[in-house]
**Q** 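Questions regarding the structure given below will be posed in turn.
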Amino acid sequence: MWVMSETPPQNADFDAMTRDIAEVPAVEVIVTVAVNLMSAAAVKLGLTDEGDKYKDLDEARKLVHALAGLLDASTTEISSFHAAPLRDGLKSLQLAFREASLVPDDPGQGPGEKYTGPVYG
């Protein structure tokens, strides 16, 4: 199955891709997008094996904020079985962002805190 972050195959059968995505439950799409946002944010926070090579706090802020917005908007749509680990991951990313910042944001002003409220270590 083609992933949106990839370039579509040259002779892609778009009807087949549409059928494939039509069979995926919405909760699975939401969770997949959330995990992709979490992974990208971790890279931009320098939390991977490459460390600071891809670290970019401005980009990380945007990704964490988008993740928080997605989770806030989808809370009533996905079960707590799916939401709880995603919220835990979000909080971990928010704390990592706070630790990585040379000048930490005021409580409630960090990435995604508009949706989650202040995050404290």
Side-chain angles (χ1 to χ4, degrees):
M1 182 166 89
W2 173 67
V3 179
M4 288 191 303
S5 63
E6 298 174 356
T7 304
Q10 289 289 22
N11 297 320
D13 181 352
F14 290 104
D15 290 337
M17 287 190 306
T18 301
R19 281 192 304 276
D20 286 347
I21 199 72
E23 295 170 6
V24 179
V27 73
E28 190 173 326
V29 173
I30 293 166
V31 170
T32 299
V33 170
V35 169
N36 284 329
L37 287 168
M38 291 174 84
S39 298
V43 169
K44 297 297 184 176
L45 284 167
L47 302 176
T48 62
D49 291 339
E50 288 89 15
D52 290 344
K53 183 177 179 181
Y54 301 108
K55 189 172 184 177
D56 184 335
L57 294 183
D58 184 51
E59 290 289 302
R61 176 183 294 278
K62 293 171 189 171
L63 292 163
V64 172
H65 190 77
L67 174 62
L70 173 65
L71 295 181
D72 183 59
S74 63
T75 297
T76 59
E77 307 302 324
I78 61 177
S79 67
S80 59
F81 174 79
H82 295 290
L86 294 174
R87 283 192 301 267
D88 290 345
L90 170 61
K91 183 176 181 181
S92 294
L93 290 169
Q94 289 172 312
L95 290 170
F97 185 92
R98 188 169 293 284
E99 288 178 16
S101 298
L102 294 176
V103 180
D105 295 312
D106 290 333
Q109 300 302 308
E113 292 182 9
K114 167 183 175 180
Y115 301 107
T116 63
V119 175
Y120 301 99

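Since the model is a prediction, treat every value here as computed from it, not as a measurement. The analysis underlying the following values was restricted to heavy atoms, covering all of them including side chains, and did not include hydrogens, waters or symmetry mates.
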**Q** Are Leu57 and Leu93 joined in one hydrophobic group, where the rule is that I, L, V, M, F, W and Y side chains link up if heavy atoms are under 4.5 Å apart?
**A**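 Same hydrophobic cluster.
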
**Q** Shortest non-hydrogen contact from Ile30 to Ser74?
**A**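 Looks like CG2-OG, 3.8 Å.
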
**Q** Considering residues, nucleotides and ligands other than Phe81, do more than 12 of their heavy atoms fall under 6.0 Å from its CZ?
**A**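 No, CZ of Phe81 has 12 or fewer neighbouring heavy atoms, counting only those of other groups under 6.0 Å.
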
**Q** About how many Å separate CZ of Arg61 and CD of Gln94, when rounded to the nearest 0.5 Å?
**A**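 Atom-to-atom, Gln94:CD and Arg61:CZ are 11.0 Å apart.
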
**Q** To the nearest 0.5 Å, how far apart are NZ in Lys44 and CG in Asp58?
**A**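 Separation between the atoms: 10.0 Å.
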
**Q** Does one hydrophobic cluster hold both Leu95 and Leu90, with members joined at side-chain heavy-atom distances below 4.5 Å?
**A**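 No; Leu90 is not reachable from Leu95 via cluster members.
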
**Q** Are Val64 and Tyr115 linked, directly or through intermediate hydrophobic residues, by side-chain heavy-atom contacts shorter than 4.5 Å (ILVMFWY only)?
**A**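 Cluster IDs for Tyr115 and Val64 differ.
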
**Q** Going through the checks in order, is the side-chain contact (heavy atoms from CB on, under 4.5 Å) test met by Thr32 and Val24?
**A** CA-CA 11 Å; Thr32 299; Val24 179; over 6 Å; no

**Q** Supply the atom-to-atom distance Lys55 NZ to Thr48 OG1, rounded to the nearest 0.5 angstrom.
**A**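 One gets 11.0 Å once the value is rounded to the nearest 0.5 Å.
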
**Q** Search all heavy atoms of Tyr120 against all heavy atoms of Lys91 and return the closest pair with its distance.
**A**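 In terms of heavy atoms, the two residues are closest at O-CE, 4.1 Å.
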
**Q** Write down the atom of Ala68, the atom of Gly112, and the distance for their closest heavy-atom approach.
**A**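 Where Ala68 meets Gly112 most closely, the heavy atoms are CB-CA, 3.5 Å.
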
**Q** When you compare the side chain of Asp72 with that of Lys114, does any pair of heavy atoms fall below 4.5 Å?
**A**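 Counting from C-beta outward, Lys114 and Asp72 never come under 4.5 Å.
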
**Q** How many angstroms lie between atom CG of Leu45 and atom CE of Met38, to the nearest 0.5 angstrom?
**A**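 Reported to 0.5 Å precision, the distance equals 11.0 Å.
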
**Q** In the single-linkage hydrophobic clustering (I, L, V, M, F, W, Y; side-chain heavy atoms under 4.5 Å), do Tyr54 and Leu47 co-cluster?
**A**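 Different clusters: Tyr54 never reaches Leu47 through Ile, Leu, Val, Met, Phe, Trp or Tyr contacts under 4.5 Å.
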
**Q** Between Glu113 and Arg98, what is the shortest heavy-atom contact and its length?
**A**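 Shortest heavy-atom separation between Glu113 and Arg98 comes out as OE2-NH2, 2.9 Å.
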
**Q** Could you tell me which non-hydrogen atom of Pro85 sits nearest to which non-hydrogen atom of Ser80, and how far apart they are?
**A**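 It is CD-O, 4.2 Å.
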
**Q** Within the 4.5 Å heavy-atom criterion, are Val43 and Ser39 side-chain neighbours or not?
**A**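 The answer is no; the side chains never approach within 4.5 Å.
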
**Q** According to a 4.5 Å side-chain heavy-atom criterion applied to Ile, Leu, Val, Met, Phe, Trp and Tyr, with indirect links allowed, do Val119 and Leu70 form part of one hydrophobic cluster?
**A**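 No, Val119 does not connect to Leu70 through the hydrophobic network.
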
**Q** Can a donor-acceptor pair be found, under 3.5 Å and without considering hydrogens, that links the side chain of Asp106 to the backbone of Gln109?
**A**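 No; zero donor-acceptor contacts below 3.5 Å.
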
**Q** Indicate the atoms forming the closest heavy-atom contact of Ala41 with Leu63, along with that distance.
**A**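 Closest approach of Ala41 to Leu63: N-CD1, 3.7 Å.
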
**Q** What residue among Leu67, Asp105, Thr116 forms side chain to side chain contact (heavy atoms under 4.5 Å, CB included) with Pro111?
**A**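 That would be Asp105.
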
